[in-house]
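Computed from a prediction, not measured in an experiment: that's the story for all the values here. Numbers here simply count residues along the sequence, with the first being 1.
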Amino acid sequence: MRRTTAIVVSVILAATLFGVVLTRRLISTWHPEASVSSGTPALFPGAGLTLQFSDKPIDLPRLTLTDLDGHPISAAQWKGKVLLVNFWATWCGPCREEIPALVALQKRYADHLVILGLSIDTRPVADVKQFVTKYAINYPVAIVGDDVVHAFGGVPALPSTFMVDPNARIVQRHMGMLDPARTEHEVRALAGLPTEARVAIVKDTGQVLLGNAAYATEIPGVDLTALGTAQKEAVLTRMNTETCTCGCGLTVAQCRINDPSCDVSLPVAKKIVADAAVGDSRR
């Protein structure tokens, strides 16, 4: 996986000043106390928020992880709880911006939530441990390689966060800095705690979880209307099996759905369509 892709996207996200300022403002109002009970009100209002969860949850990959001290991280820690899997790196500006909110979230909802920080750092473990201490991170952290990244279907941007329900199913993914209000109410909804937010289970063809891109019948930027049924099936199969060459680590279909502006996956996808048309004309 190319680190430069994540770096570029991180820089773009960091440049979105309004989002950064708003997140800082929200974090500054977050003053957690003890762990909550079901009757404790949310810190942020949920009215007006619509939470979207996939109608095709994906099972959490089996993870073999060790913490920064070399001790195994057991899945028993999050059994029956909401799990928030956060991919990050010490060099990622937006990652640093959202850590205080994650620390506060873990403290307040300790009885219902486990946050798992998966760092893709290549620097020494001691440097990452120093960073964890500096930011007072209160949730388990592990350094992971491309195998874990690929197990989650690729992480084309940092930070990237996967929301996992108490049944160990991934139901949502967020790229970029989290909105503390939305994240809190996602946790509350998945944990069965009261929330004023509207919860919507959406038909997922990759826009929620990229792993469901195989269910997509339309691909952004590509016209499939002239194809017959068999041609379209063959084209979608190719797009969901061939890897994009832009460095994202995703399939062509996933890349198009994830980043419609990608100028690498678009010509590849169009060529796949053209190949199908040529092949049909030769019969």
Exercise. Is any side-chain heavy atom of L84 less than 4.5 Å from a side-chain heavy atom of L113?
Worked result: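 Result yes, sub-4.5 Å side-chain heavy-atom pair found.
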
Exercise. Do F131 and V141 come within less than 4.5 Å of each other through their side chains, counting heavy atoms only?
Worked result: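 SC-SC contact between F131 and V141 ruled out.
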
Could you tell me which non-hydrogen atom of [X] sits nearest to which non-hydrogen atom of [Y], and how far apart they are?
| X | Y | value |
| --- | --- | --- |
| A276 | Q231 | O-NE2, 3.4 Å |
| V82 | V187 | CG2-O, 3.9 Å |
| D263 | P267 | O-CD, 3.3 Å |
| M239 | A269 | CE-O, 3.3 Å |
| V264 | T245 | CG1-OG1, 3.3 Å |
| P57 | V171 | CB-CG1, 4.1 Å |

Side-chain donor or acceptor of [X] paired with backbone N/O of [Y] under 3.5 Å:
| X | Y | value |
| --- | --- | --- |
| R96 | Y135 | no |
| Q172 | Q52 | yes |
| D55 | D204 | yes |
| N240 | L236 | yes |
| D69 | H71 | no |
| N138 | V103 | yes |
| E186 | T183 | no |
| D121 | T90 | yes |
| R188 | P194 | yes |
| E184 | F44 | yes |

Problem set entry | Hydrophobic cluster identity match, L83 and I58, side-chain contacts under 4.5 Å |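 Cluster IDs for L83 and I58 match.
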
For this session: Flag yes if V268 and L224 sit in one hydrophobic cluster, no otherwise; membership is Ile, Leu, Val, Met, Phe, Trp, Tyr, and two members link when side-chain heavy atoms are under 4.5 Å apart.
Result: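 Yes, V268 and L224 fall within the same hydrophobic cluster.
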
For this session: Please list, chain by chain and in numerical order, all residues satisfying ring pair (Phe, Tyr, Trp, His ring centres under 6.0 Å) with F53, sequence neighbours excluded.
Result: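 With sequence neighbours excluded, F53 shows a ring pair (Phe, Tyr, Trp, His ring centres under 6.0 Å) to no residue whatsoever.
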
For this session: For F152, check ring pair (Phe, Tyr, Trp, His ring centres under 6.0 Å) against everything at least two apart and list the hits.
Result: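 F152 satisfies ring pair (Phe, Tyr, Trp, His ring centres under 6.0 Å) with F87, F162 once adjacent residues are dropped.
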
For this session: Assess the side chains of H174 and T161: does a donor N or O sit below 3.5 Å from an acceptor N or O?
Result: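 No donor-acceptor contact under 3.5 Å links the two side chains.
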
For this session: Go through L116 and L63 one step at a time and tell me if the side chain to side chain contact (heavy atoms under 4.5 Å, CB included) criterion holds.
Result: CA-CA 11 Å; L116 179 61; L63 301 173; 4.2 Å; yes

Exercise. Between K81 and D111, is there a salt bridge with N-O shorter than 4.0 Å?
Worked result: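 Salt bridge: no.
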
Exercise. If you measure from the Lys or Arg side-chain nitrogens to the Asp or Glu carboxylate oxygens, is any gap between E218 and K232 under 4.0 Å?
Worked result: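 So E218 pairs with K232 through a salt bridge.
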
For this session: For this output row, return yes or no: ring centroids of W78 and Y139 closer than 6.0 angstrom.
Result: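 W78 vs Y139: aromatic centres not under 6.0 Å.
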
For this session: First locate atom CG of L250, then atom SG of C244, and finally report the distance between them rounded to the nearest 0.5 Å.
Result: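 Between L250 CG and C244 SG, I get 7.5 Å after rounding to 0.5 Å.
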
Problem set entry | Pairwise distance CD1(I137) to NZ(K129) - rounded to 0.5 angstrom |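 Output value for this atom pair is 13.5 Å.
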
For this session: Starting from the C-alpha separation in whole Å, work towards a yes-or-no answer on side chain to side chain contact (heavy atoms under 4.5 Å, CB included) for C255 and C246.
Result: CA-CA 9 Å; C255 186; C246 75; 3.9 Å; yes

Problem set entry | V164 and R169: CA distance, side-chain angles, deciding distance, side chain to side chain contact (heavy atoms under 4.5 Å, CB included) verdict | CA-CA 5 Å; V164 184; R169 302 177 306 171; 5.6 Å; no

Exercise. Heavy-atom count around Q77 CD within 6.0 Å, excluding the residue itself: above 12?
Worked result: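 Result for CD/Q77: enclosed.
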
